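What you are looking at is a predicted structure, and each value in this text was computed from that prediction instead of being measured.
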Amino acid sequence: MWQECKDLQDYIVGIRRDLHQIPELGFDLPQTQAYICAELDRLGIAYKKNRGDSGIIGEIKGGCPGKTVLLRADIDALPIKEDTGLPFSSRHEGKMHACGHDTHAAMLLGALRVLQEHRGELKGNVKFVFQTAEEISKGSQVAIKEGVMEGVDAVFGIHIGSILGGTLPSGTLSVIPGCCMASFDRFAVTVKGNGCHGSTPEKGIDPITIAANIVLSLQEIVAREIAGTKPSVLTIGMINGGFAYNVIPSEVRIEGTIRAIEEPVRQQLAKRIEEISQNIAAAFRGSVDFLMDWGAPPVINDEAMSALAAEAARKVLGDENVRTSQEAPNMGGEDFAYYLAEKPGAFMFLSSADHAKHTDVPHHNPKFMVDEDVFYKGSAVFVSIVEDYLCR
């Protein structure tokens with residue numbers, strides 16, 4: 001079946017280009033949902049719309065009883081102004097598919113089209129989910145509440161792009177057994193002081209000075225409190241405060257992210273950020289409000305399902321284009337982890353990095369692009385996995 005995906009390359013590219021022009025954020029993706037539903041209707045594939053967001057869950061029932069495999073695509077975009085110059089660039093100002101989720105949806109639709117045409121040959125069922133809010137690490141939990149994992153025996157997903165810093169050639173697929181991605185969490189520290197005029201700082205409590213000390217001190221957690229053998233990251237991405245050059249404000253807000261591949265390290269990072277922030281603020285006569293916005297745990301692939309996915313991918317891509325190991329953990333995060341916490345499965349990476357085509361730009365960048373030539377390969381890997389899983 002998977003070989004038929006080659007003939008769908010133009011179909012998949014067309015869908016991706018349509019979706020690329022209508023990026024939407026978070027849970028509410030009405031145009032994206034409407035587009036995908038219209039295509040599912042055209043293909044005669046049964047589905048339901050989620051009650052809690054714009055996600056879509058459906059199922060192709062096979063001609064014979066058997067197991068059920070779940071295929072997932074995320075469909076939300078990012079709050080980024082596109083700067084690619086593509087003729088099908090985003091029509092939504094300040095929003096962009098800068099992480100390839102438009103491609104994920106297109107590749108899944110390509111796979112579903114083939115599987116639907118051959119549903120009578122399937123010894124089992126294929127469930128699918130078009131998931132919202134991956135970028136804020138919340139959509140998979142909504143899908144699970146909507147019942148996506150009911151009756152599922154295994155789950156698979158693919159992420160496209162400039163994987164591992166663009167070191168893998170375009171068309172290479174990576175499927176790593178065990179932990180393949182880190183946890184993904186956000187923290188916010190609101191530093192509270194007492195505003196006053198800049199000429200008389202002694203009359204106030206300066207939250208900017210407090211925030212500066214907190215930012216510098218937080219970097220010592222990974223450097224001095226986490227073993228060098230345990231990969232972890234603490235990054236400050238935002239600092240906001242003040243409204244005039246000669247006025248000390250009353251508040252400053254700091255936001256950042258932590259990444260870890262072990263749960264105890266994840267918990268230690270969160271605990272120490274709160275403790276250090278509170279104690280530094282107190283030392284300077286201020287205070288802090290601390291928020292830990294838990295995202296997703298580490299992505300841990302099942303060894304048997306990773307091996308099955310790798311073998312299925314080799315049929316499509318060839319032995320030389322499938323990798324099953326990596327030199328260092330990927331410190332990116334993915335809420336696909338919640339599916340893997342429920343059932344065995346594998347999360348894969350399909351490289352589209354080609355310097356000559358300018359598709360080796362990092363994710364979440366205004367110039368992010370993907371190599372369209374690999375699209376049918378993603379669909380074919382999905383179909384090949386289904387064939388092997390349901391018919392083995």
Side-chain angles (χ1 to χ4, degrees), residues 72-74 76 78 97-101 103-104 107 131 134-140 155-186 222 226-235 237 256-266 269 294-303 305-307 309-310 313 317 321-341 344-354 359-365 368 370-371 374 377-378 381:
R72 175 265 206 166
D74 42 10
D76 58 320
L78 287 156
H97 273 296
C99 201
H101 296 187
T103 301
H104 300 167
M107 291 191 301
Q131 178 209 303
E134 187 282 324
E135 296 295 355
I136 56 174
S137 204
K138 306 294 183 186
S140 63
V155 56
F156 297 91
I158 296 177
H159 202 302
I160 201 170
S162 180
I163 307 302
L164 300 181
T167 58
L168 292 183
S170 184
T172 304
L173 184 127
S174 172
V175 52
I176 310 300
C179 183
C180 69
M181 296 188 80
S183 58
F184 164 37
D185 305 298
R186 179 181 72 93
V222 172
I226 307 297
T229 55
K230 298 182 180 295
S232 57
V233 173
L234 190 162
T235 293
T257 184
I258 56 172
R259 310 296 171 101
I261 63 171
E262 296 181 16
E263 187 63 25
V265 174
R266 182 190 186 200
L269 289 171
W294 297 105
V299 179
I300 302 176
N301 284 340
D302 178 81
E303 291 197 10
M305 293 300 100
S306 297
L317 307 173
N321 292 316
V322 177
R323 308 290 177 85
T324 57
S325 64
Q326 58 188 21
E327 293 181 359
N330 184 332
M331 300 309 291
E334 245 286 352
D335 71 353
F336 192 85
Y338 285 105
Y339 301 125
L340 292 173
F347 192 62
M348 302 161 280
F349 303 94
L350 178 62
S351 176
S352 66
D354 187 325
T359 60
D360 56 350
V361 176
H363 297 77
H364 294 214
N365 184 294
F368 176 80
V370 292
D371 181 1
V374 307
K377 297 178 181 179
V381 168

task = Start with the C-alpha gap between Phe184 and Thr257, add the side-chain angles, then the distance that decides, and say whether side-chain contact (heavy atoms from CB on, under 4.5 Å) holds.
result = CA-CA 7 Å; Phe184 164 37; Thr257 184; 4.2 Å; yes

message = Show, in sequence, the C-alpha distance, side-chain angles and deciding distance for Val222 and Leu269, and conclude whether the side-chain contact (heavy atoms from CB on, under 4.5 Å) test is met.
response = CA-CA 8 Å; Val222 172; Leu269 289 171; 4.1 Å; yes

Determine the minimum heavy-atom distance between [X] and [Y], stating which atoms define it.
X      : Y      : value
Ala309 : Ala346 : CB-CB, 4.5 Å
Val175 : Ala310 : CG1-CB, 3.7 Å
Cys99  : Leu78  : CB-CD1, 4.1 Å
Ile158 : Gly378 : CD1-O, 3.5 Å

If the condition is salt bridge (Lys or Arg N to Asp or Glu O under 4.0 Å), which residues does [X] pass it with, not counting sequence neighbours?
X      : result
Arg323 : none
Glu263 : Arg266
Glu334 : Arg72

Distance (rounded to the nearest 0.5 Å) between [X] [atom1] and [Y] [atom2]:
X      : Y      : atom1 : atom2 : value
Thr103 : His159 : OG1   : NE2   : 10.0 Å
Phe347 : Ser306 : CZ    : OG    : 12.0 Å
Leu317 : Leu350 : CG    : CG    : 7.0 Å
His363 : Ser162 : NE2   : OG    : 6.5 Å
Ser170 : Asp360 : OG    : CG    : 10.0 Å
Met181 : Asn330 : CE    : CG    : 4.5 Å

[X] side-chain N/O to [Y] backbone N/O, donor-acceptor pair under 3.5 Å:
X      : Y      : value
Asp185 : Gly295 : yes
Ser183 : Ala260 : yes
Asn301 : Ile176 : yes
Arg259 : Met331 : yes
Ser351 : Gly171 : no
Thr359 : Asp354 : yes
Asp74  : Gln131 : no

key: Residues forming a side-chain hydrogen bond (donor to acceptor under 3.5 Å, both in side chains) with Asp76, sequence neighbours excluded   = His101

request  = Applying side-chain hydrogen bond (donor to acceptor under 3.5 Å, both in side chains), name anything that partners Ser232, two or more places apart in sequence or on another chain.
outcome  =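 For Ser232 there are no side-chain hydrogen bond (donor to acceptor under 3.5 Å, both in side chains) partners, ignoring immediate neighbours.
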
ask   = Residues two or more places apart in sequence or in another chain: which of them pass ring pair (Phe, Tyr, Trp, His ring centres under 6.0 Å) with Phe156?
value =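 For Phe156 there are no ring pair (Phe, Tyr, Trp, His ring centres under 6.0 Å) partners, ignoring immediate neighbours.
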
message = I want to check something: taking the side chain as every heavy atom from C-beta on, are Leu168 and Phe349 in contact at a cut-off of under 4.5 Å?
response =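 No - every pair of side-chain heavy atoms lies 4.5 Å or more apart.
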
task = Could you give me the CA-CA distance, side-chain angles and deciding distance for Glu134 and Ser140, then say whether side-chain contact (heavy atoms from CB on, under 4.5 Å) is met?
result = CA-CA 7 Å; Glu134 187 282 324; Ser140 63; over 6 Å; no

